[in-house]
Amino acid sequence: MTTAQQKTALAALLGATAVIAYPFLFPGDYLLGVGITAGALATSTVGVVLLLGLAHQLAIGQAAFSIIGGYTTAILCIDYGWDPFVALVVGAALTMLIAWAIATPLLKLRGFVLVMATLGLHLMLIVVAYQLPITGGAIGLPGVPKFAILGVMHFTGETDYFYLVWAIAAVAIVIGLNIDHSAIGRALRALAASEAAAASVAVDIERYKVQMFVIGAGMASVSGSLIVHYLRAIDPTVFGFAFSLNLVTGTIVGGLLSIWGGALGAVVIIGLREVLRELSLPLWEAMIMGGLTVVILIAFPRGIAGFIGDLYDRLVGARRDRRVDVTPPGAVPLASFLAEDKDTAAMLEVADAARAFGSLRAVDGVSFAVAPRSITALIGPNGAGKTTLFNLIGGYQPLDSGAIRLGGREIGALLPKDVAMLGVGRTFQNIQLFDNMTVLENVMCGRHRQLRAGIVEICLRLPHARAEERETRRRAENALAFVGLRGAEDMAPTALSFGHQRMVEIARALALEPRLLLMDEPASGLNDTETEQLAELVLRIAALGVTVLLVEHDMRLVMGLADHVVVMDHGEKMAEGPSDVVRADPRVIEAYLGREHDSAA
Amino acid sequence: MNLTLFLQLLLPGITTGCVYALVAVGFVICANVSGVVNLAQGEFVMLGGMAASWLAVTAGWPLVLAILGAMLVGAALGALQEKLTLAPVRRAPPFIQVTTTVGVSIVLRGFALVLFGTDPLSLPGFSGDGVFFVGGAVMPVQSLWVWGMTLALLAATFGVLRYTDIGRAVRACSINLQAARLMGVDAERLRVIVFAVSGAAGALAGAVVTPIVLSSWDAGISYGIKGFVGAIIGGFRSPLLAVAGGIGIGLVEAFGAGYISSGWKDFIVYGVLLAYLLIRGGVFRVGRAAFAAALANPMR
């Protein structure tokens with residue numbers, strides 16, 4: 001059992017015990033009502049963790065979706081006599097449909113703009129609730145029945161309803177944990193750490209953002225329905241602006257980066273409210289919650305859940321960044337992390353590619369081809385346009401003119417994630433690892449291209465999703481072993497040496513099962529021993545049948561490795577050919593010696 | 001078209017628009033010197049109105065002193081916000097910084113609630129509660145104070161920005177924060193000054209408008225959002241466009257209420273806001289351009 005699994009098990013055990021014990025410790029309809037409200041709120045705050053903590057989308061008008069769910073429930077139950085459970089499900093479905101429809105345009109907005117847009121949306125819905133005849137205006141809709149499921153189960157007693165609400169909150173927590181521990185959770189954390197690197201492993205950012213938004217909306221809707229059945233009525237003030245703010249502040253205080261933090265946040269909000277009520281200081285709630293939020297953001301952004309997690313680590317002594325011996329590469333079966341079908345290596349053709357920044361022609365009509373299974377090096381003095389050309393191939397910058405073809409297919413107009421999706425892996429000159437994940441998780445991120453499990457399968461951890469996760473882990477472990485880092489799986493990337501970090505980045509790119517591997521100055525920052533190891537690794541990668549294109553300054557490395565060398569200078573191709581021919585080319589010597597002469601002067 | 005009705009909507013629209021315009025200018029200037037959009041901006045207007053009313057009506061201070069007191073409260077809270085909550089998270093991700101200002105806005109709301117309670121406070125008009133007529137439209141005399149104060153504040157702001165060292169420093173920061181610091185602009189000090197001034201200006205706006213609209217602890221969010229629209233119309237760069245945007249939102253609100261429905265007023269205003277944000281936010285700009293912008297500026 002890993003530390004993370006221990007924590008989850010412990011949290012589940014403690015949470016379940018607390019919920020079961022609560023009605024015995026705090027009997028009476030009033031206190032049970034407090035517990036019911038906390039449980040309903042927890043369903044929402046788990047959604048807030050997914051949206052704010054995981055997807056980093058500052059959508060803070062979540063109560064808008066509680067309004068939709070709450071009113072749908074009330075209208076269907078009162079006016080049409082529907083079964084409350086069916087109404088709850090229909091309300092959630094309707095809410096998620098609406099959320100899905102608005103998500104794509106809305107989530108194009110970022111940061112504070114999204115804050116304002118979602119708040120505006122919430123305030124608009126409050127106006128609708130006041131104005132539409134069907135929602136009963138300012139009086140709202142009284143007479144909502146008690147909760148029942150399909151006429152079979154009736155939750156007439158507060159204790160029964162308390163357990164039901166927390167059972168539903170538990171479902172939300174389980175869904176949240178499943179997402180958090182899945183490829184989606186890794187993808188979203190990857191995005192938070194490095195947007196460029198996330199794109200390099202084919203992470204489809206927009207899709208996951210939309211999914212988290214829709215799931216969060218569904219949870220807020222269910223929470224709204226549950227609260228309406230408890231209150232037996234709804235009016236426009238129930239899910240007002242303060243409700244939205246409570247969800248956000250509670251989640252931040254509880255711990256934005258953990259599903260448990262969300263649930264904890266709901267308990268903190270409701271608990272504080274009751275304590276202040278006891279003290280006859282109800283008006284202090286907003287100030288205290290706001291103050292706590294600010295203090296937590298400044299001093300401890302991971303909130304109470306993060307604090308408890310650290311405490312556990314300290315007590316149990318399981319720190320992630322302890323030293324681990326890194327083993328040299330053993331005999332790793334080649335097919336163990338690459339696809340069996342080896343006929344996939346592709347030819348890359350760059351035809352007349354051009355890219356200018358203002359009047360500077362960074363890449364000016366360059367053409368060359370990279371043969372399948374070859375190692376090709378792109379060299380040239382600083383400012384020759386190598387990195388720009390690389391970014392053009394990877395889709396990080398648009399082509400002005402010309403064409404780039406991979407296996408005959410035009411890729412010049414694709415986005416980085418789509419280029420990666422076609423099997424183009426890459427490493428970065430300034431290493432871009434995801435510091436918020438372990439080494440193994442970093443490499444697992446590389447396998448996004450192969451993932452097929454749908455969002456429902458992941459939320460419910462159905463067998464297909466589970467099998468895929470196991471396969472991802474196995475292949476990532478093998479890729480890590482291939483680069484010689486067996487034993488570093490659970491370490492934080494920052495605890496590794498620079499050279500080993502580069503190896504992790506290469507393993508991540510290999511996990512993609514690349515047809516073409518782009519390496520941007522892989523030897524930069526490495527010492528001689530590490531450079532030798534790198535050279536050996538590149539040869540082994542090419543032996544797997546992966547086509548390699550590298551940009552490099554280190555001439556010894558290039559000349560020892562490359563089958564074919566392309567020399568660039570001032571944005572143009574100066575020479576091209578086998579490495580020994582290029583080395584003897586007087587123009588190449590002049591370009592390099594000339595540069596040395598300049599720098600010596 | 002009925003001219004009297006038109007004027008009766010236009011003139012109050014300009015009056016509330018003036019407040020939004022001042023909030024918008026505060027947004028723009030604070031964002032440019034601190035790199036953070038201060039989502040608590042509207043709360044200073046609310047606090048100014050509350051503090052002035054309480055000091056003048058409950059504590060019985062002379063009006064001028066009450067207003068100065070409110071401005072002092074605004075200035076102190078603005079400076080404190082910058083010093084205590086924004087300086088510590090300067091190096092944190094923008095996500096944390098923006099959320100921190102949301103937290104501060106909640107604190108300020110809560111602060112007003114604890115101090116002044118839930119009932120709206122009022123303030124007598126600065127020169128009596130009389131009215132005057134423009135083409136048949138009835139206007140409170142206090143409107144003149146709002147207009148005059150807005151003009152004076154804006155003139156002072158633009159004058160300072162254009163002709164003083166501090167103004168030049170602010171403008172330098174808004175063009176290139178890094179370069180301005182290298183040229184010796186003391187950005188930390190400048191930020192505290194700008195936040196204090198913007199807090200005081202917000203409080204003054206709140207005090208002047210209170211005789212017309214009353215002041216309530218939960219009014220800050222509405223000032224904040226509507227001022228924000230003004231700021232975003234100015235692209236967070238131009239204070240002048242921000243003023244136009246703020247007054248524009250005041251007019252949309254007034255005409256929406258008058259010609260369409262007063263109940264749907266906020267729906268119309270926020271609808272316009274949302275539509276504007278979506279159009280500006282690049283909903284119609286797809287593909288790589290949006291992606292490149294995202295790469296260059298991940299959280300904004």
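Here is how names work: the chains are called A, B, and so on, in the same order as the sequence lines, proteins then strands, and each is numbered from 1.
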Within-4.5 Å side-chain heavy-atom neighbours: [X] and [Y]:
{"X": "A/Met212", "Y": "A/Gln57", "result": "no"}
{"X": "A/Ile252", "Y": "A/Leu297", "result": "yes"}
{"X": "A/Leu119", "Y": "A/Phe241", "result": "yes"}

With a 4.5 angstrom heavy-atom cut-off, is it the side chain or the backbone of [X] that approaches chain B, or both, or neither?
{"X": "A/Val115", "answer": "side chain"}
{"X": "A/Leu191", "answer": "neither"}
{"X": "A/Ile60", "answer": "side chain"}

If you tally heavy-atom pairs under 4.5 Å against chain A, which of [options] wins?
{"options": "B/Ile268, B/Val269, B/Leu113, B/Val98", "value": "B/Leu113"}
{"options": "B/Thr118, B/Thr85, B/Asp218, B/Asp266", "value": "B/Thr85"}
{"options": "B/Ile221, B/Leu274, B/Ile96, B/Leu108", "value": "B/Ile221"}

Does atom [atom1] of [X] have more than 12 heavy-atom neighbours, drawn from other residues, nucleotides or ligands, at distances under 6.0 Å?
{"X": "A/Trp284", "atom1": "CH2", "result": "no"}
{"X": "A/Leu279", "atom1": "CG", "result": "yes"}
{"X": "A/Ile134", "atom1": "CD1", "result": "no"}

Selection from A/Thr249, A/Val128, A/Leu121 maximising heavy-atom pairs under 4.5 Å formed with chain B
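Between A/Thr249, A/Val128, A/Leu121, the count favours A/Val128.
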Pick whichever of A/Ile288, A/Thr293, A/Val294 has the most heavy-atom pairs under 4.5 Å with chain B.
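With the most close heavy-atom pairs to chain B, the winner is A/Val294.
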Heavy-atom contact with chain A under 4.5 Å, split by part of [X]:
{"X": "B/Leu84", "result": "backbone"}
{"X": "B/Thr101", "result": "neither"}
{"X": "B/Val102", "result": "side chain"}
{"X": "B/Leu273", "result": "side chain"}
{"X": "B/Phe228", "result": "side chain"}
{"X": "B/Val89", "result": "side chain"}
{"X": "B/Ile225", "result": "both"}

Sole candidate of A/Leu256, A/Leu51, A/Leu52 that passes side chain to side chain contact (heavy atoms under 4.5 Å, CB included) when paired with A/Val248
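Filter result, single survivor: A/Leu52.
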Over-ring placement of A/Arg426 relative to A/Phe428, 6.0 Å and 45° cut-offs:
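Judged by the rule, A/Arg426 and A/Phe428 form a cation-pi pair.
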Are A/Phe213 and A/Phe65 an aromatic pair by the rule of ring centers under 6.0 Å?
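Yes - the distance between ring centres of A/Phe213 and A/Phe65 falls below the 6.0 Å cut-off.
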Carefully, step by step, assess A/Lys417 and A/Glu206 under the rule salt bridge (charged side-chain N to carboxylate O under 4.0 Å, His left out).
CA-CA 11 Å; A/Lys417 71 174 163 66; A/Glu206 300 308 322; over 6 Å; no
